[in-house]
Amino acid sequence: NRGQRLREGANINKSLLALANCINALSSRQSGSNSNKRGAIRVKYRDSKLTHLLKSSLEGNCKVAMITAINPASNVYEESHNSLKYADRAKQIKIEMKNGNPRGQLDDNEDDRLLVLEAENKELRK
């Protein structure tokens, strides 16, 4: 049981490291630093299942929110500091939608339903 937990923890850390590498590459792409000869930075999404699943989100096909949890205790200062640095790098990523307006991809019935739901949402917010 303990060996299985160690393997799970190692796999989680490996996936989080791959995600950090993707975030670093994407934030470097935004700042224009560390570019190769062709001027493009290659983001390695296939390094883990997590980054492969998040590829479309990180490339700009949806809205992305990142929540960072930190602990004010002094004995975990380094971990909290690293979490904040990680979140700051993620904040540097500017995503542009690639597939255009998602509303344009809907058929007429879905578009009408979306308008009704938006009107209902607006009414409920009043």
Side-chain angles (χ1 to χ4, degrees):
N1 191 15
R2 185 167 186 222
Q4 183 181 3
R5 285 187 180 185
L6 285 174
R7 281 192 299 276
E8 286 177 8
N11 287 334
I12 290 170
N13 286 339
K14 183 176 147 187
S15 292
L16 290 175
L17 179 62
L19 180 61
N21 291 337
C22 286
I23 288 175
N24 286 337
L26 288 168
S27 62
S28 294
R29 181 186 287 176
Q30 297 301 318
S31 65
S33 63
N34 298 332
S35 60
N36 61 18
K37 293 177 185 175
R38 291 181 242 159
I41 295 174
R42 188 170 190 286
V43 181
K44 298 178 182 177
Y45 293 109
R46 293 188 182 213
D47 284 353
S48 77
K49 290 179 184 179
L50 176 66
T51 55
H52 191 68
L53 288 171
L54 293 175
K55 179 181 179 183
S56 64
S57 300
L58 294 170
E59 285 184 339
N61 290 333
C62 67
K63 289 185 179 183
V64 178
M66 181 174 181
I67 298 172
T68 304
I70 60 170
N71 188 341
S74 61
N75 61 337
V76 290
Y77 170 79
E78 283 294 319
E79 189 173 330
S80 295
H81 182 66
N82 288 335
S83 295
L84 289 172
K85 288 193 313 188
Y86 186 80
D88 187 54
R89 283 193 309 266
K91 188 174 72 171
Q92 302 302 320
I93 300 170
K94 304 296 182 214
I95 298 175
E96 293 180 20
M97 188 161 221
K98 290 188 171 190
N99 292 338
N101 185 0
R103 193 174 278 179
Q105 298 172 358
L106 301 175
D107 63 23
D108 291 337
N109 292 335
E110 290 173 328
D111 198 31
D112 292 341
R113 177 76 176 139
L114 182 62
L115 291 174
V116 168
L117 290 173
E118 285 177 346
E120 181 181 341
N121 191 10
K122 191 174 185 180
E123 186 65 32
L124 289 171
R125 287 186 182 188
K126 289 182 181 179

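- If you chain together ILVMFWY residues whose side-chain heavy atoms come under 4.5 Å of each other, Ile70 ends up grouped with Leu84.
- Shortest non-hydrogen contact noted between Arg42 and Ala25 is O-CB, 4.3 Å.
- Under the 4.5 Å side-chain heavy-atom criterion for grouping Ile, Leu, Val, Met, Phe, Trp and Tyr, Leu117 is not connected to Leu124 through any hydrophobic cluster.
- Classification of Asp88 and Lys91 as a salt-bridged pair holds, one side-chain N sitting under 4.0 Å from a carboxylate O.
- With values rounded to the nearest 0.5 angstrom, Ile23 atom CD1 is found 3.5 Å from Tyr86 atom OH.
- The list of side-chain hydrogen bond (donor to acceptor under 3.5 Å, both in side chains) pairs with a residue in residues 43-55, not counting sequence neighbours, reads Ser48-Thr51.
- Residues Leu53 and Met66 fall into different hydrophobic clusters, defined by Ile, Leu, Val, Met, Phe, Trp and Tyr side chains chained together at heavy-atom separations under 4.5 Å.
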Could you pull out every donor-acceptor pair under 3.5 Å between side chains of residues 7-22 and any protein atom, sequence neighbours left out?
{"residue": "Asn11", "atom": "ND2", "partner": "Arg7", "partner atom": "O", "Å": "3.3"}
{"residue": "Asn13", "atom": "ND2", "partner": "Gly9", "partner atom": "O", "Å": "3.4"}
{"residue": "Ser15", "atom": "OG", "partner": "Asn11", "partner atom": "O", "Å": "3.2"}
{"residue": "Asn21", "atom": "ND2", "partner": "Leu17", "partner atom": "O", "Å": "3.4"}

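- Looking only at side-chain heavy atoms (C-beta outward), Asn121 and Glu118 stay at 4.5 Å or farther from each other.
- The shortest heavy-atom contact between Thr68 and Ala87 is OG1-CB, 3.0 Å.
- To the nearest 0.5 Å, atom OG of residue Ser80 and atom CG of residue Asn75 are 9.0 Å apart.
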